[in-house]
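First the structure, in the form of structure tokens, and then the observations on it.
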Number of protein chains: 2
Amino acid sequence: MTQRRRQLPTSEELRIWRDFVETAEALRSELASRLQNESSMSPGDYTVLLALSEADGHRLRPSELAATIGWERSRLSHHLGRMERRGLVRRENCATDSRGAEIVLTAEGADAFRGASIPHLRAVRELFVDALSPGQLTAAGDLAATLRERLDTSRGRR
Amino acid sequence: MTQRRRQLPTSEELRIWRDFVETAEALRSELASRLQNESSMSPGDYTVLLALSEADGHRLRPSELAATIGWERSRLSHHLGRMERRGLVRRENCATDSRGAEIVLTAEGADAFRGASIPHLRAVRELFVDALSPGQLTAAGDLAATLRERLDTSRGRR
DNA sequence: GGCGGCTTATTGACATGTCAATTACTTCGC
DNA sequence: GCGAAGTAATTGACATGTCAATAAGCCGCC
């Protein structure tokens, strides 16, 4: 009699899975909370400001920005509205495509990013890089690559 | 001259960090989307239903439930309101503490959980367990434990 | 037996995320 | 050029998450 392929995770596999996702979530949440307390900004703000800081002329079309940071456009649009209200970015009309806009980093936005960057990177170092042995760090990169590959194949097939 | 401790991650360390968090986020998002499409429920719903399913008498005090799944009480309260509107759980008054409530799994809730469970576990298997070699799976558990420990010490010191 | 302080649970205000629909413009094919 | 199809960006409706404030009941201690 042929043996049927096991379909569901064993309890040990499930335990690892839960530890993994819960830890990743706790890490995300702790870094978000520090960013908020130390620099009054959300991880989303930081991501957007980082991308704009690295962009030519500190400006990007929303679509390019969305592609750079891997967000849906609608999400970005809402977020930019909030950031604009706080003076971190400015919207300008695009010269070459009148449907379009350009998002420009303001001086305030650049200041805020400068102030947030060092503490944030220190926190990443403390909670991730320094917590792991060199071997574990390599393993983390390896894991991420493997999981990402599976995700991409799996979504492609859909 | 004493050497000052390096404070910020190197670019290679940062690359691994970004891969790691972005992959964890993509995995979370893909599983959420499948759960929604296959079973019309959010990960939060699933988490709550799982805890109630395993509870004695399919009922728990909100505080116990919050502790079990690691949520803040306010978050849970909002979420239970939404689940109650959809008939997945019911609130009852607590006999022994009249401040309190008891959250009871409804028949509908139990059905919904039964229907969601197998496909969800299959997805976990496909996207996580089966994607990894046995060594990688062990490494994932090891990573989670190490990072969790650092998070706990770090938060404790605060 | 009653008061001060803790615990329980909810609520409101607001930030964030997703999805579908809309608006306005560009571009392609003829 | 002109209409169909595609693209850029925003919007509205709603689900989810956080924080601070509130209401209400429990409990220890005098």
Side-chain angles (χ1 to χ4, degrees), chain A residues 22 25-37 39-49 59-86 88-104, chain B residues 22 25-26 28-37 39-49 59-86 88-104 155:
Chain A
E22 278 162 23
E25 162 59 20
L27 195 48
R28 187 202 59 66
S29 152
E30 175 67 15
L31 281 162
S33 150
R34 292 193 186 196
L35 202 50
Q36 193 67 63
N37 293 333
S39 313
S40 305
M41 87 176 46
S42 69
D45 298 335
Y46 186 86
T47 302
V48 168
L49 293 178
R59 63 177 56 224
L60 280 173
R61 299 286 299 270
S63 292
E64 295 173 301
L65 180 49
T68 303
I69 65 183
W71 285 15
E72 294 185 11
R73 282 196 298 189
S74 142
R75 175 182 177 188
L76 180 60
S77 191
H78 284 299
H79 204 95
L80 289 175
R82 294 187 293 263
M83 292 180 73
E84 191 174 25
R85 277 204 304 278
R86 291 189 290 143
L88 299 173
V89 301
R90 192 162 17 89
R91 284 188 230 239
E92 289 182 3
N93 290 330
C94 178
T96 64
D97 186 338
S98 42
R99 284 169 305 187
E102 282 203 319
I103 309 302
V104 188
Chain B
E22 279 161 23
E25 162 60 21
R28 188 204 58 67
S29 153
E30 174 68 16
L31 280 161
S33 152
R34 292 194 186 193
L35 201 50
Q36 193 66 64
N37 293 331
S39 313
S40 306
M41 86 176 48
S42 69
D45 298 335
Y46 186 87
T47 301
V48 168
L49 293 178
R59 63 177 55 226
L60 280 173
R61 300 287 298 271
S63 292
E64 295 173 303
L65 180 47
T68 303
I69 65 184
W71 285 14
E72 293 186 12
R73 282 197 294 191
S74 141
R75 174 182 178 187
L76 180 61
S77 191
H78 284 299
H79 204 94
L80 289 175
R82 293 186 293 263
M83 292 180 74
E84 191 173 26
R85 278 206 302 278
R86 290 189 291 143
L88 298 173
V89 301
R90 191 161 20 86
R91 284 189 229 239
E92 288 183 2
N93 290 329
C94 179
T96 64
D97 185 338
S98 43
R99 284 168 305 185
E102 282 204 320
I103 308 303
V104 188
R155 271 198 293 238

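Only heavy atoms go into these numbers, but all of them, side chains included; no hydrogens, no water, no symmetry mates.
Here D:dT16 presents its P atom at 16 Å from CD of B:Glu25, a figure rounded to the nearest Å. What separates CH2 of B:Trp71 from P of D:dC19 is a distance of 15 Å, to the nearest Å. Separating the CG atom of A:Leu65 from the P atom of D:dT7 is a distance of 20 Å, rounded to the nearest angstrom. For the pair B:Asn93 CG and C:dA9 P, the interatomic distance rounds to 11 Å; values are reported in whole Å. Between A:Arg75 atom CZ and C:dA15 atom P the separation is 16 Å, expressed in whole Å. Rounded to whole Å, the distance from CG on B:Leu88 to P on D:dA15 is 13 Å. One interatomic measurement links the two molecules: CD of A:Gln36 to P of D:dT18, which rounds to 12 Å at whole-angstrom precision. At whole-Å resolution of the value, CD1 in A:Ile103 and P in D:dA8 are 14 Å apart.
Between the CD atom of A:Glu84 and the CZ atom of A:Arg90 there is a distance of 9.0 Å, given to the nearest 0.5 Å. If you take CD1 on A:Ile103 and CG on A:Leu88, they are separated by 12.5 Å, rounding to the nearest 0.5 Å. Atom CD of B:Glu22 sits about 8.5 Å away from atom OG1 of A:Thr47, to the nearest 0.5 Å.
Looking at the side chain of A:Arg73, the nearest of the listed nucleotides D:dG17, C:dT16, D:dA9 is D:dA9. Distance from the side chain of A:Glu72 is smallest for C:dT18 among the nucleotides C:dT18, D:dT16, D:dT18.
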Give the intermediate values and the outcome of side-chain contact (heavy atoms from CB on, under 4.5 Å) for residues B:Met83 and B:Leu49. CA-CA 10 Å; B:Met83 292 180 74; B:Leu49 293 178; 3.6 Å; yes
List the steps and the verdict of side-chain contact (heavy atoms from CB on, under 4.5 Å) for B:Asp45 and B:Leu35. CA-CA 10 Å; B:Asp45 298 335; B:Leu35 201 50; over 6 Å; no
Apply salt bridge (Lys or Arg N to Asp or Glu O under 4.0 Å) to B:Arg59 and B:Glu92, showing your working. CA-CA 10 Å; B:Arg59 63 177 55 226; B:Glu92 288 183 2; 3.1 Å; yes
Just do the side-chain contact (heavy atoms from CB on, under 4.5 Å) check on A:His79 and A:Ser42 with the steps written out, would you? CA-CA 10 Å; A:His79 204 95; A:Ser42 69; 3.8 Å; yes
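Proximity of A:Arg91 to the phosphate of D:dT10: a side-chain N or O atom is located under 4.0 Å from OP1 or OP2. Put simply, A:Ser33 has no side-chain N or O that comes within less than 4.0 Å of OP1 or OP2 on D:dT18.
Under the salt bridge (Lys or Arg N to Asp or Glu O under 4.0 Å) criterion, A:Arg61 pairs with A:Asp97, sequence neighbours left out.
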Are there any protein N/O atoms within less than 3.5 Å of an N/O atom in nucleotides 24-26 of chain C, and if so, which ones and at what distance?
from	atom 1	to	atom 2	distance (Å)
C:dC25	O3'	A:Ser98	OG	3.0
C:dC25	O2	A:Arg99	NH1	3.3
C:dT26	OP1	A:Ser98	OG	3.0

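If A:Arg61 and B:Pro43 are placed on DNA chain D by their nearest nucleotide, the residue sitting closer to the 5' end is A:Arg61. Both A:Arg28 and A:Ser63 lie near DNA chain D, and the one whose nearest nucleotide falls closer to the 5' end is A:Ser63.
A donor-acceptor contact under 3.5 angstrom links the side-chain atoms of B:Ser74 to the base of C:dT11.
Within residues 77-86 of chain A, the residues approached by DNA chain D to less than 4.0 Å at the level of any non-hydrogen atom are A:Ser77, A:His78, in residue-number order.
When every heavy atom of A:Arg73 is checked against every heavy atom of A:Ser63, the shortest pair comes out as NH1-OG, 3.0 Å.
Formation of a donor-acceptor pair under 3.5 Å by the B:Ser29 side chain with backbone atoms of B:Glu25 is not found in this model.
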